[in-house]
Protein chains: 2
Amino acid sequence: MVSISDVAHEAHVSKMTVSRVINHPEQVSAEIRTDVQQVISQLGYVQNRAGKALANNRHYNIAFILLDDINEIEPYYAHLLMHLTDALRNEGYTLEMRHDRNFDLTNVDGFLVCGARHSDFDILNNLPIPVVIYGTEAGITSVDIDNKAGTYLATQLLINQQYQRLLFLGMAIDEPFETNREAGYRQAMQETGREPEIHHLPNNEQIAFQFLQNSHLSANTGIIAATDRLGLGALRASRHQGLAVPDEVGIVGFDGIYIHQLAEQSLTTVQQPLKEIAEKMVQLLLAELSGESVTSEYVVPELIHGETTIK
Amino acid sequence: MVSISDVAHEAHVSKMTVSRVINHPEQVSAEIRTDVQQVISQLGYVQNRAGKALANNRHYNIAFILLDDINEIEPYYAHLLMHLTDALRNEGYTLEMRHDRNFDLTNVDGFLVCGARHSDFDILNNLPIPVVIYGTEAGITSVDIDNKAGTYLATQLLINQQYQRLLFLGMAIDEPFETNREAGYRQAMQETGREPEIHHLPNNEQIAFQFLQNSHLSANTGIIAATDRLGLGALRASRHQGLAVPDEVGIVGFDGIYIHQLAEQSLTTVQQPLKEIAEKMVQLLLAELSGESVTSEYVVPELIHGETTIK
DNA sequence: GAGAAACCTGTTACCGGTAACATCGAGAAT
DNA sequence: ATTCTCGATGTTACCGGTAACAGGTTTCTC
């Protein structure tokens, strides 16, 4: 592996000049700068992360902490992880995965957290290194999807498609993302003078399926599900009861995890833009690391039209 | 963060003695050793990876390269990744994810590769740092599941359950894992004097579903699927045609990715023991890194009884 | 009981990089 | 012409850890 000394020697300058060309190119004369840059690309020099880490009192390593059950969220976990890694790699950082609540500070510069619950926020708020969470909570830098806007869009879609009864399948947990998804539905209903009808269930397609078997379904029903898993349960129940989807029952899920696979019909859904989320999380974390003060950000969900809504 | 110097100072010894207590404890007198160990745990000292990396001419970072389409294999990708990370973390390494064919050597000590195809092996064979692949190929250290044993078990199960016709749904690719899965089926068929019936399809539940709609199904059929996705398609087709599963049609998948979710009935399947696979991969890679010569390993698949086979 | 060997601990130098300071030459100011 | 300033580069020291060697005791050997 070629080191900064090799470059320095080859370019007949000191290591320090090479370092400057990389980190503060404006401090180096144009002539020497191009010389050195040429030698760098000629030798294929890449900075050694360990050396840089030691000199800068950094680790160039970020811990990604997954607090959700991995079985619950595999599909988007994998994608989020991939996008986070890519974004960090571009900045010379590695991503280390964890799935416990130790928040071990050794050899990491910051935390990216996914699936944090109320009970975690106290600890997260008092960590001595930067933290960015995926989700919403006052006091912690976060990136979140606009959940309310998502279900609002979904509900509007089903309203426009003339379904008479509009049902919301929510999750049986007390977390902001659930409350907000419900709020989006409520708002769309209220604006069009409809009575909301809300059921809370565990986030499981089988349970949703069974619940809807108990005479909750009828023709001309639109179902707004708080998650794709619930939406998938609704799809199965509809088909099982001989109700045509989307002609008699329309369904919109939330998350966008089943687009590529599995569903008997592809689910219309509110998709989480995972790449954008990952990039924003990394951007915020690195900004915090360089001492900037940052504010939480929201991303806009996108309605993906599948085969469970009309047209 | 407490450094080795802090420990040395507190324990009234040199840095070198502390280093020895950690890396070569047998070289230090019992008395001093316990002293130092006590100071270490008292101060909560943990080695700095960057310092260690620089001194040892290592990076303590491994690249995990995913060459499969992430959409194809999300579910087990997420789990494999988690187990790999855990195993490496125990040894002081981080795992860095990639999904391209660059095999960039900078800042990594070795590669773990998943989803490599024939065309990749030339490059992999000539990399100057250790590589362990998930799968089989002569010349490259690998960990693989015994695919043949898996389908052999699956086929035997369906034979024992008295299904008359036994169908194998294979994948339409020419890779060892496919050939071996087919071979396990063939062997079990041959040993019981049956005629194999094999169809090759793209690995997609919808395609399997449609294929089986064309009069390929009948009562008293056992289906051995080369993947869970094909198995899921078979399950849907059976149900759609009013064939009772498992009473009239028995189905066994392969991979174990749908155990926790999604299927209308849980799929009986040949499960890949991902934790064991991950641990073996890491163990082999680290052994190679310390100069030992290693040989590829196989892990034994386990039959998971779901609701698509009898009892 | 002297020399050798074994054992234990400390010292030095280095891994690759960068901050802080030192140096040097050229042009500006007076 | 002399000093001042500034821009460009080099030198030194250090980040945290470890290999290689040095030095000091103790134990063994005959």
Side-chain angles (χ1 to χ4, degrees), chain A residues 1-37 39-40 43-61 91-94 105-109 289-291, chain B residues 1-37 39-40 43-61 91-94 105-109 289-291:
Chain A
M1 283 286 95
V2 20
S3 79
I4 198 170
S5 307
D6 301 330
V7 176
H9 183 257
E10 186 73 17
H12 308 290
V13 294
S14 69
K15 291 195 321 181
M16 204 52 225
T17 298
V18 178
S19 175
R20 286 197 190 96
V21 167
I22 295 166
N23 299 302
H24 312 284
E26 76 285 356
Q27 293 177 8
V28 180
S29 69
E31 194 184 357
I32 291 190
R33 194 193 315 143
T34 39
D35 265 22
V36 171
Q37 280 163 341
V39 174
I40 285 177
L43 298 185
Y45 167 69
V46 175
Q47 284 181 304
N48 177 302
R49 194 187 290 125
K52 196 174 173 179
L54 217 42
N56 289 345
N57 196 24
R58 283 276 179 88
H59 302 278
Y60 293 103
N61 185 39
E91 307 290 332
Y93 283 77
T94 51
L105 297 164
T106 52
N107 291 305
V108 292
D109 301 314
L289 272 172
S290 42
Chain B
M1 281 286 95
V2 21
S3 79
I4 198 171
S5 307
D6 301 331
V7 176
H9 183 257
E10 186 73 17
H12 308 290
V13 294
S14 69
K15 292 195 320 183
M16 204 51 225
T17 298
V18 178
S19 175
R20 281 198 268 262
V21 167
I22 295 166
N23 299 302
H24 311 283
E26 75 285 355
Q27 295 178 7
V28 181
S29 70
E31 194 184 358
I32 291 189
R33 196 194 314 145
T34 39
D35 265 22
V36 171
Q37 280 163 343
V39 174
I40 285 176
L43 299 184
Y45 167 69
V46 175
Q47 284 182 303
N48 177 301
R49 194 186 291 126
K52 197 174 172 179
L54 216 41
N56 289 345
N57 195 25
R58 283 276 179 87
H59 302 278
Y60 293 102
N61 184 40
E91 306 290 332
Y93 283 76
T94 51
L105 298 163
T106 52
N107 291 305
V108 292
D109 301 313
L289 273 171
S290 43

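Letters A, B, ... mirror the listed sequences (proteins, then strands); counts begin at 1.
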The first and last nucleotides of DNA chain C lying within contact of chain B, meaning any atom under 4.0 Å from one of its heavy atoms, run from dC8(C) to dG16(C)
Please round to the nearest 0.5 Å and tell me the distance separating atom CZ of Arg49(A) and atom OG1 of Thr106(B).
8.0 Å
Going from CZ on Arg58(B) to NZ on Lys52(B), what distance comes out if it is rounded to the nearest 0.5 angstrom?
9.5 Å
Please walk me through it: do Ile40(B) and Ile22(B) pass side-chain contact (heavy atoms from CB on, under 4.5 Å)?
CA-CA 10 Å; Ile40(B) 285 176; Ile22(B) 295 166; 4.0 Å; yes
Which distance, rounded to the nearest 0.5 Å, do you find between the CG of Asp35(B) and the NE2 of His12(B)?
9.0 Å
Strictly under 4.0 angstrom, non-hydrogen atoms only: write out the protein contact profile of nucleotides 20-25 of chain D, one letter per nucleotide from the 5' end, B, S or -.
B-----
With heavy atoms under 4.0 Å as the rule, sort Val13(A) into base, sugar-phosphate or nothing.
sugar-phosphate
Supply the atom-to-atom distance Asn57(A) CG to Met1(B) CE, rounded to the nearest 0.5 angstrom.
10.5 Å
State which residues pass ring-ring contact (aromatic ring centres under 6.0 Å, His included) with Tyr60(B); sequence neighbours excluded, sorted by chain then number.
Tyr93(B)
Members of residues 50-61 of chain A that approach DNA chain C, where some heavy atom sits under 4.0 Å away:
Gly51(A), Lys52(A), Leu54(A), Ala55(A), Asn56(A)
Are the side chain of Arg20(A) and the backbone of Val28(A) linked by a donor-acceptor contact shorter than 3.5 Å?
no
Residues Ile32(B) and Val13(B): closest non-hydrogen pair is CG2-CG1, 4.1 Å
Quick one, which residues of residues 21-33 of chain B touch DNA chain C with a heavy atom under 4.0 Å?
Val28(B), Ser29(B), Ile32(B)
Rounded to the nearest 0.5 Å, what separates atom CD in Gln27(A) from atom CZ in Arg33(A)?
10.5 Å
With the side chain counted from C-beta on, respond yes when Asn48(A) and Leu54(B) share a heavy-atom pair under 4.5 Å apart, and no when they do not.
yes
Interatomic spacing from CD1 in Ile4(A) to CE in Met16(A) - rounded to 0.5 Å
7.5 Å
Who are the side-chain hydrogen bond (donor to acceptor under 3.5 Å, both in side chains) partners of Ser5(A), not counting sequence neighbours?
none
Categorize Ser14(B) for me: base, sugar-phosphate, or nothing, with a 4.0 angstrom heavy-atom threshold over every strand shown.
base
In the structure I gave you, are the side-chain heavy atoms of Gln47(A) and Asn23(A) within less than 4.5 Å of one another anywhere?
yes
